[in-house]
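This report refers to the structure that appears directly beneath it.
Since the structure is predicted, the reported quantities are computational estimates derived from the model, not experimental observations.
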Amino acid sequence: MDLSPVYQPLIAALWYLLPLAVVAGLIKSPWFKGKFGEFLVNLSARWFLEKSRYHLIKNVTLRTEDGTTQIDHVLVSEFGVFVVETKNMRGWIFGSPHQRIWTQKIYRSNHKFQNPLLQNYKHVKTLQTLLGLGDHQMHSVVVFVGDSTFKTPMPANVTQGLGYVRFIKSHQELVLTPEQVAEVREQVASGRLKASFATDKAHARHVRALVAERYGAEPRRPSRGLLKFLIFPVLMLGVGAIGVNAYSNFVSGAMATGTKRNAENRIEVAPQAVPRQSVGEPRTDSGAVARSPSSASGVQRVNQPPSELFLARQECNALIAAALGNQDPRLLRDRDKACTRYKVLQGDVH
C-alpha cells in the first residue's frame, strides 16, 4: 500500500511553512528591528511634518577623524538642523543624560546599551563641523520606537513615538534663511558617503573596533544571529520533510512485501484438488485429513465432513492469491466458481 498520497499534503504544508519561518527569524533579528524603527520615523516624518518646511535626509554616513559615523535621520528646516537617533526597544528604560550606559529591563533580564544622547552628540558635532553652523542651529533628538516605558525622568529631547514630531514643532524660532537651508542640503549630499551595503558594513566594523578598544576586548566578528535565524528553521523543516518521506517509502515497501509473501504462501500451501466423493462412496474419516489452525471452526453438522469444506476454502484462497495482479479470464472464472462452492458448503455447515 503506497502511503505517499497520504503524506504528500503534509510535506507540502511543511514547505509552505518554510517562508513563514524565515520571515519570523528575520523579524526577530536586531538588524530588522533597527531598520523597522527607522522606517516608522521616516514615515511619520513625511506624514506629520510639512515637506515644504522640513527636508528629510535619511541614513547619512560621514567621515570622522577616527573612521565614520552614521546618522539615522537629518531634518533640515528654517528652525534648525535636527539630528534624530532612533531606538527600537521594548521593556523598561532606565537612564539619565550623564550616564554612559543605560539599562533595558524585560521582566527579570537586564540589557545594557550606550546612552543614545552621548551617541547622538558625536553625530551632531560631526555634522556641525561639516556645515559650519552654531550650537543654536543644531538640535539633538532621540526617539524610542516600540513598547517601551521610561522608568526615570528623561529630558525633552528624548521622546517616544510621535513625541519627536511635537519636539521638532516646538522650535518656532527662525535660525536659518531659505538660502542657508538649501546650502545645508547640498553640503550634506556632497559630504556624505554613498549609501550602500558596503558603506554600512564598513561602518559596523568600525563601531565594533571602537567598542572593543574602549572596553579592552578583542574585536569580534559580525554576529551571525540573523544567519542562524534563517538557517535553523530551514534545516528543521527540511529534516522533517525528509523523515516523513522516508517513513512513507518504508511503510509502502513493507506493505508491498508483506502482500507478496502472503500470496506466495497461500499458493504453496494450497493442496491438490481432490475429487468429490459420490453419494455411494464411503465417507473419509475426519482424522485422516490434516486440519489447519485457521480452518473453519464452530458448530458443524454431522452429515458434512470438515475435510471437504477445508479443501474448498483452500482452493478459493489459492485462486484469489493467484489472481492478484493477473486478469486472466479463465483464472478469474475458476476463482469465482471455487469461492462460490466454498460459500455454499460453508452455508450447509452453519
Side-chain angles (χ1 to χ4, degrees), residues 30-31 33-35 37-38 40-41 57-76 80-106 110-146 148-161 163-168 170-171 188 191-193 199-200 202-217 219-220 223:
W31 174 85
K33 290 180 180 179
K35 292 299 181 182
E38 294 176 12
L40 292 179
V41 172
I57 309 173
K58 57 184 180 180
N59 193 21
V60 178
T61 304
L62 301 174
R63 292 195 180 277
T64 61
E65 295 179 356
D66 56 353
T68 58
T69 188
Q70 195 171 62
I71 305 173
D72 292 337
H73 321 275
V74 177
L75 283 161
V76 184
V81 178
F82 297 88
V83 181
V84 183
E85 174 66 21
T86 306
K87 294 294 181 183
N88 188 357
M89 307 180 74
R90 62 189 181 96
W92 291 352
I93 306 298
F94 298 85
S96 66
H98 302 292
Q99 285 180 328
R100 291 181 57 189
I101 302 298
W102 286 13
T103 303
Q104 175 195 26
K105 185 172 184 179
I106 303 176
N110 295 330
H111 304 277
K112 304 295 183 179
F113 63 99
Q114 184 183 3
N115 182 344
L117 286 172
L118 298 181
Q119 182 181 359
N120 209 33
Y121 177 79
K122 182 177 182 180
H123 299 163
V124 172
K125 288 303 178 181
T126 302
L127 188 60
Q128 184 177 0
T129 301
L130 173 67
L131 302 177
L133 299 178
D135 291 343
H136 68 288
Q137 297 171 311
M138 305 292 299
H139 307 289
S140 174
V141 187
V142 176
V143 53
F144 279 80
V145 179
S148 60
T149 303
F150 296 149
K151 302 303 288 185
T152 52
M154 295 292 177
N157 62 336
V158 179
T159 64
Q160 289 178 303
Y164 86 98
V165 175
R166 292 190 293 270
F167 175 79
I168 291 175
S170 66
H171 291 74
V188 172
R192 66 187 297 186
L193 298 179
T199 301
D200 294 342
H203 173 70
R205 187 165 53 248
H206 168 66
V207 171
R208 286 193 301 271
L210 288 179
V211 172
E213 181 182 356
R214 179 174 300 173
Y215 295 101
R220 295 185 303 173
S223 174

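Counting heavy atoms from C-beta on, the side chains of L193 and T68 come closer than 4.5 Å. Counting heavy atoms from C-beta on, the side chains of Q70 and N59 come closer than 4.5 Å.
Closest non-hydrogen pair, R192 versus L62, comes out as CA-CD2, 3.7 Å. Contact record, R90 with I93: O-CD1, 4.5 Å, taken as the closest heavy-atom pair. For the residue pair W102 and P97, the shortest heavy atom distance occurs at CZ2-N, 4.5 Å. Shortest non-hydrogen contact noted between N120 and V83 is ND2-O, 3.0 Å. Smallest separation of non-hydrogen atoms from N115 and Q99: ND2-O, 2.6 Å. A pairwise comparison of heavy atoms in I106 and G91 identifies CG1-CA, 4.2 Å as the closest pair.
Atom CZ of F113 sits in a crowded spot, with more than 12 heavy atoms from other residues, nucleotides or ligands closer than 6.0 Å. Around atom NE2 of H98, no more than 12 heavy atoms belonging to other residues, nucleotides or ligands sit under 6.0 Å away.
With values rounded to the nearest 0.5 angstrom, D66 atom CG is found 4.0 Å from K122 atom NZ. Here the CE atom belonging to M89 is positioned 3.5 Å from the CD atom belonging to Q104, to the nearest 0.5 angstrom. In this structure, CE in M138 is found 11.5 Å from OH in Y121, a value given to the nearest 0.5 Å. We find the CG-OG distance between L118 and S140 to be 9.5 Å, quoted to the nearest 0.5 Å. Note: H123 NE2 to I71 CD1 = 6.0 Å, rounded to the nearest 0.5 Å.
Listed for the E85 side chain is no donor-acceptor partner under 3.5 Å among the backbone atoms of D72. Checked by atom type and distance alone, the side chain of T159 pairs as donor or acceptor with a backbone atom of V142 at under 3.5 Å. Using a distance-only test at 3.5 Å, with no hydrogens or angles considered, a donor-acceptor pair links the side chain of T152 to the main chain of G95.
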For side-chain contact (heavy atoms from CB on, under 4.5 Å), just list the numbers for H73 and V143, CA-CA rounded to whole Å, side-chain angles, deciding distance to a tenth of an Å, and then say yes or no. CA-CA 11 Å; H73 321 275; V143 53; 5.8 Å; no

Does the pair N157 and L117 meet the rule for a side-chain contact (heavy atoms from CB on, under 4.5 Å), with working shown? CA-CA 9 Å; N157 62 336; L117 286 172; 3.7 Å; yes

Walk me through whether T103 and W92 qualify under side-chain contact (heavy atoms from CB on, under 4.5 Å). CA-CA 8 Å; T103 303; W92 291 352; over 6 Å; no

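One side chain, Q119 or K87, offers a donor N or O that lies under 3.5 Å from an acceptor on the other.
Residues passing the ring-ring contact (aromatic ring centres under 6.0 Å, His included) test with H139 are F82, H171, sequence neighbours excluded. Listed by chain and number, the residues in a salt bridge (Lys or Arg N to Asp or Glu O under 4.0 Å) with K58 amount to none (sequence neighbours excluded).
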